[in-house]
Amino acid sequence: MLYHEILNFNTYLTFPFLAILYYSAILSSEYTKGTINFLVTSVYSRESIFFAKFIISTTSFSLIFIPANIFLLLYLYLIHGSGVIYSNSGINGTFYYWYEFIGIITVTQVFLIIHFIAIGAITLLINCAIQNRIKVILCSFSVIILFKIVKVPSFLENYTFFNGNTVTTGFIDFQRSFFTNLQITFSTLAFILLFCLVGNLVFKTKKIV
């Protein structure tokens, strides 16, 4: 299952790092250019600026992530044929029709996007506190690495925002893991809301240097 293996490998560090790189530029570019002062002194509130930045960056990130995965899947399909998605016995011995495969891939992509948005949200939060992009990238990446290294208690595994590999692993056994991934996704959405609220609070109170 080549597509799953590539997705699972990249979800561990590559995609999170790309999400950090992308979201770290949203406010850092304003700080670097000095245009942040024009924004905060405009008619718009800091709260509006923060959430507008988050919504725009999330939308654009999703519009990049989805086509990139579609092109990856099509490329692998052209090179390796149907074996890129499933073996002769289907996924984990379960046979699916082509439209069911598309549904499984689509749902998995939605789960993954939400996972990466959470990483982006915590990066944006850190960017509100630290205005230097290099420091933001290092700090955000360190947080993600820390969460991946530190052993999480088993009863908390389905309530974390960094459980992206569980989502891609669920691609193998989709029927059994769907509700687990759904639980992780709702927990991740709660973390996104938390990170945005805290990030907005920091952005409103932080002095612009």
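Note that the structure is predicted; figures quoted are calculated from it, not measured. Residue numbers count from 1 along this sequence.
- Remark: S187 OG to I192 CD1 distance equals 11.0 Å, nearest 0.5 Å.
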Between E30 and F38, does the side chain to side chain contact (heavy atoms under 4.5 Å, CB included) criterion hold? Intermediate values first, please.
CA-CA 9 Å; E30 302 285 359; F38 295 105; over 6 Å; no
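- Here L63 sits alone; no ILVMFWY side chain lies under 4.5 Å from its own, so it joins no hydrophobic cluster.
- In this structure, L138 is not a member of the same hydrophobic cluster as V136, with clusters built from ILVMFWY side-chain heavy atoms closer than 4.5 Å.
- Residues L197 make up the rest of the hydrophobic cluster containing L193, defined by ILVMFWY side-chain heavy atoms closer than 4.5 Å, directly or through other members.
- Under the 4.5 Å side-chain criterion, counting only non-hydrogen atoms from C-beta, I117 is in contact with S62.
- For V110, the side-chain contact (heavy atoms from CB on, under 4.5 Å) test picks out I114, with sequence neighbours left out.
- There is a path of hydrophobic side-chain contacts, each under 4.5 Å, that joins F186 to V107.
- Here the CG atom belonging to L201 is positioned 11.5 Å from the CZ atom belonging to R46, to the nearest 0.5 angstrom.
- Using bins of under 30°, 30° to 60° and over 60° for the plane-to-plane angle, the ring pair F61/F65 lands in the parallel bin.
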Name the atoms and distances for all side-chain donor-acceptor pairs under 3.5 Å in residues 15-27, with sequence neighbours left out.
unit_1, atom_1, unit_2, atom_2, d
Y22, OH, S60, OG, 2.3
Y23, OH, T58, OG1, 2.9
S24, OG, I20, O, 2.9
S24, OG, L21, O, 2.9
S24, OG, R133, NE, 3.0

Start with the C-alpha gap between F191 and I122, add the side-chain angles, then the distance that decides, and say whether side chain to side chain contact (heavy atoms under 4.5 Å, CB included) holds.
CA-CA 9 Å; F191 273 106; I122 196 172; over 6 Å; no
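- In terms of heavy atoms, T41 sits closest to N37 at OG1-O, 2.6 Å.
- Looking only at side-chain heavy atoms (C-beta outward), N127 and K53 stay at 4.5 Å or farther from each other.
- I56 and L39 fall into different hydrophobic clusters, defined by Ile, Leu, Val, Met, Phe, Trp and Tyr side-chain heavy atoms under 4.5 Å apart, directly or through other members.
- Summarising the geometry of F54 relative to A121, their closest heavy-atom pair is CE1-CB, 3.9 Å, with the distance given to 0.1 Å.
- Between I119 and F116 there is a side-chain heavy-atom pair separated by less than 4.5 Å.
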Going through the checks in order, is the side chain to side chain contact (heavy atoms under 4.5 Å, CB included) test met by I184 and F111?
CA-CA 9 Å; I184 293 171; F111 288 163; over 6 Å; no
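- Shortest non-hydrogen contact noted between I126 and S140 is CD1-OG, 3.5 Å.
- Atoms CD1 and CD1, on I137 and I130 in that order, are 11.5 Å from each other to the nearest 0.5 Å.
- Residue pairs meeting the salt bridge (Lys or Arg N to Asp or Glu O under 4.0 Å) criterion with at least one partner in residues 110-123, sequence neighbours excluded, are absent.
- By the side-chain contact (heavy atoms from CB on, under 4.5 Å) test, S45 is found to be paired with E47, S48, residues two or more places apart in sequence or in another chain being considered.
- Counting heavy atoms from C-beta on, the side chains of F51 and N200 come closer than 4.5 Å.
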